[in-house]
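Naming convention: chains lettered A, B, ... in sequence-line order (proteins, then strands); numbering from 1 in each chain. None of these values were measured; they are calculated from a predicted model. Values below: every heavy atom of this structure, side chains too, minus hydrogens, waters and symmetry copies.
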Number of protein chains: 2
Amino acid sequence: MTKKTPLPKPVSYAPPKPLYERVKSHVLKRISSGEWPAYCRLPSEHTLVKDMGISRMTIHRALRELTQAGFLERIQGVGTFVASLKTAPKNLELKDIDQIVHSRGSKYSCKIHFLQAELADADAAKLIAVSEGDQVFRSYFVHCENDVPLMLEDRHVNAALFPEYLRMDFHDATAENCLSTRFALLSHEHSIQAKISDAEVSHFLALDTATACLVINRRTWFGERIVSTARMVYPGNRYQLN
Amino acid sequence: MTKKTPLPKPVSYAPPKPLYERVKSHVLKRISSGEWPAYCRLPSEHTLVKDMGISRMTIHRALRELTQAGFLERIQGVGTFVASLKTAPKNLELKDIDQIVHSRGSKYSCKIHFLQAELADADAAKLIAVSEGDQVFRSYFVHCENDVPLMLEDRHVNAALFPEYLRMDFHDATAENCLSTRFALLSHEHSIQAKISDAEVSHFLALDTATACLVINRRTWFGERIVSTARMVYPGNRYQLN
DNA sequence: GAGTGGTCTAGACCACATT
DNA sequence: ATGTGGTCTAGACCACTCT
């Protein structure tokens, strides 16, 4: 059989989504409409296979992805249930300082106040989980938006893990960037506080009066070890996280 | 062939992980060791099938999950690559106030200052995307840890979407809880600021002096519509996010 | 024992990109 | 034309739970 002119494609107003996506939509629609409320039991895979005329692997993939996304809970030998919706995650994504400044359409710059090796005192040793007296690297930067200070970054780096740190070029890349190009699979841990600026912060951020500041503390892990800990201080009147 | 006594299981010190998990570990190990750096091309699925003696669907599942997790990038017709690691997400999960207090081993309580219907002024209308003059619900709660104020919650609720709001029992469940049991598939949008307490905040949080506070603004969406907007104020000296 | 979900396979067809 | 990833199937075996 010879193929002549390809038939004009049948006009299709339904986007040709993969089958497993259609199964996911099918389930999500019933959840969001309230037809299947929290803790409600779903039809078994076998039943869905029969009802939808789709093979089990495809049904299973759809349900597995909805489970990974937190919409369903599955128990082997028991069944599939709509997840408790209290689980709705409330996440905030923290962006890098250079990205923040660029996304505001401003010019980014960074002033290096110091960048040196130190011997860890008790506090520093605790911050990056080394012994007191070990060598650590410390960087003290002020990140600016159109030359106005926007963030003070006081960072300790594990010298044993990242010996090249002092020789990096921090005008091309932030410390964050250096870390993520040097190490794969980093993970982060954060805490956020509100604090009044003290003399040190006011000086480096050029604040004339005491100002409420956002303080983000970030610990960066490479596997089981802490590579770096940073204290990042944003003046509350110049920046808000979002 | 008859099956008699099942052979004593071979002593295995390796945990019997599923094959696709082993494939994932295999790949992740090479990424984290630096053997496969960012942008490096991975062997094709076909090659992995041959090398590891595992079927293509299983290999494919492993690579798909690593892609979803952000470790790989795949291009149809081209190949699989190690993702740029700048993409490492830096997320902060925001917990519910009752969870926070309980996880600190303290007693949670909530004082309702008011809970009423109002006509939206310009500000309120903007907050939940209704027209000026529309009816909105407003709740004004102080959440306490061992009867010490820990958070002021000033909330506007779209009355058309959630008409039962005023009749809920807020001693059993927080407003957040009510929202998530009433609506499935909510999504949230946040901003975080640092602000000095003003007279209103100082009064309701029982602060004797001006204090730096964390202010979290949360908008809660149900599909395309805003259900509720909340301003949550935490005194910086009593709480930090983590 | 019957029903559930979890994994795995071998093979198939497709869309896409490169040569 | 070849090689890549994306999807889908039919059937299989397993571990688990409930009755």
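Here the P atom of nucleotide C:dA12 and the NE2 atom of B:H60 are 18 Å apart, to the nearest Å. Regarding B:R64, its CZ atom lies at a distance of 14 Å from the P atom of D:dG5, rounded to whole Å. If you measure from atom OH of B:Y20 to atom P of D:dC14, you get 18 Å, rounded to the nearest angstrom.
Scanning residues 44-54 of chain B for heavy-atom distances under 4.0 Å to DNA chain C yields B:I54.
Close placement of the B:Y165 and B:F170 rings is indicated, their centers lying within 6.0 Å of each other. Taking the six-membered ring wherever Trp is involved, the centroid distance between the rings of B:F162 and B:F183 falls below 6.0 Å.
A distance-only check finds no donor-acceptor pair linking the side chain of A:H60 to the backbone of A:R56 [under 3.5 Å]. A:N242 contributes no side-chain N or O that, together with a main-chain N or O of B:H190, makes up a donor-acceptor pair within less than 3.5 Å.
A sub-4.0 Å separation between OP1 or OP2 of C:dG5 and a side-chain N or O of A:T80 is present.
Salt-bridge formation is not detected for the pair A:K90/B:E93: no Lys NZ or Arg NE/NH1/NH2 atom is positioned less than 4.0 Å from an Asp or Glu carboxylate oxygen. Taking 4.0 Å as the cut-off between side-chain N and carboxylate O, B:E73 and B:R41 do not count as a salt-bridged pair.
Heavy-atom contacts from other residues, nucleotides or ligands closer than 6.0 Å to CZ of B:R104 number more than 12.
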Provide a list of protein-nucleic acid N or O atom pairs under 3.5 angstrom, restricted to nucleotides 16-18 of chain C.
unit_1	atom_1	unit_2	atom_2	d
C:dC16	O4'	B:Q76	OE1	3.3

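Looking at heavy-atom distances under 4.0 Å, A:R56 makes contact with a base.
For A:R74, the side-chain atoms get nearest to C:dG5 when compared with the rest of C:dG5, D:dC8, D:dA10.
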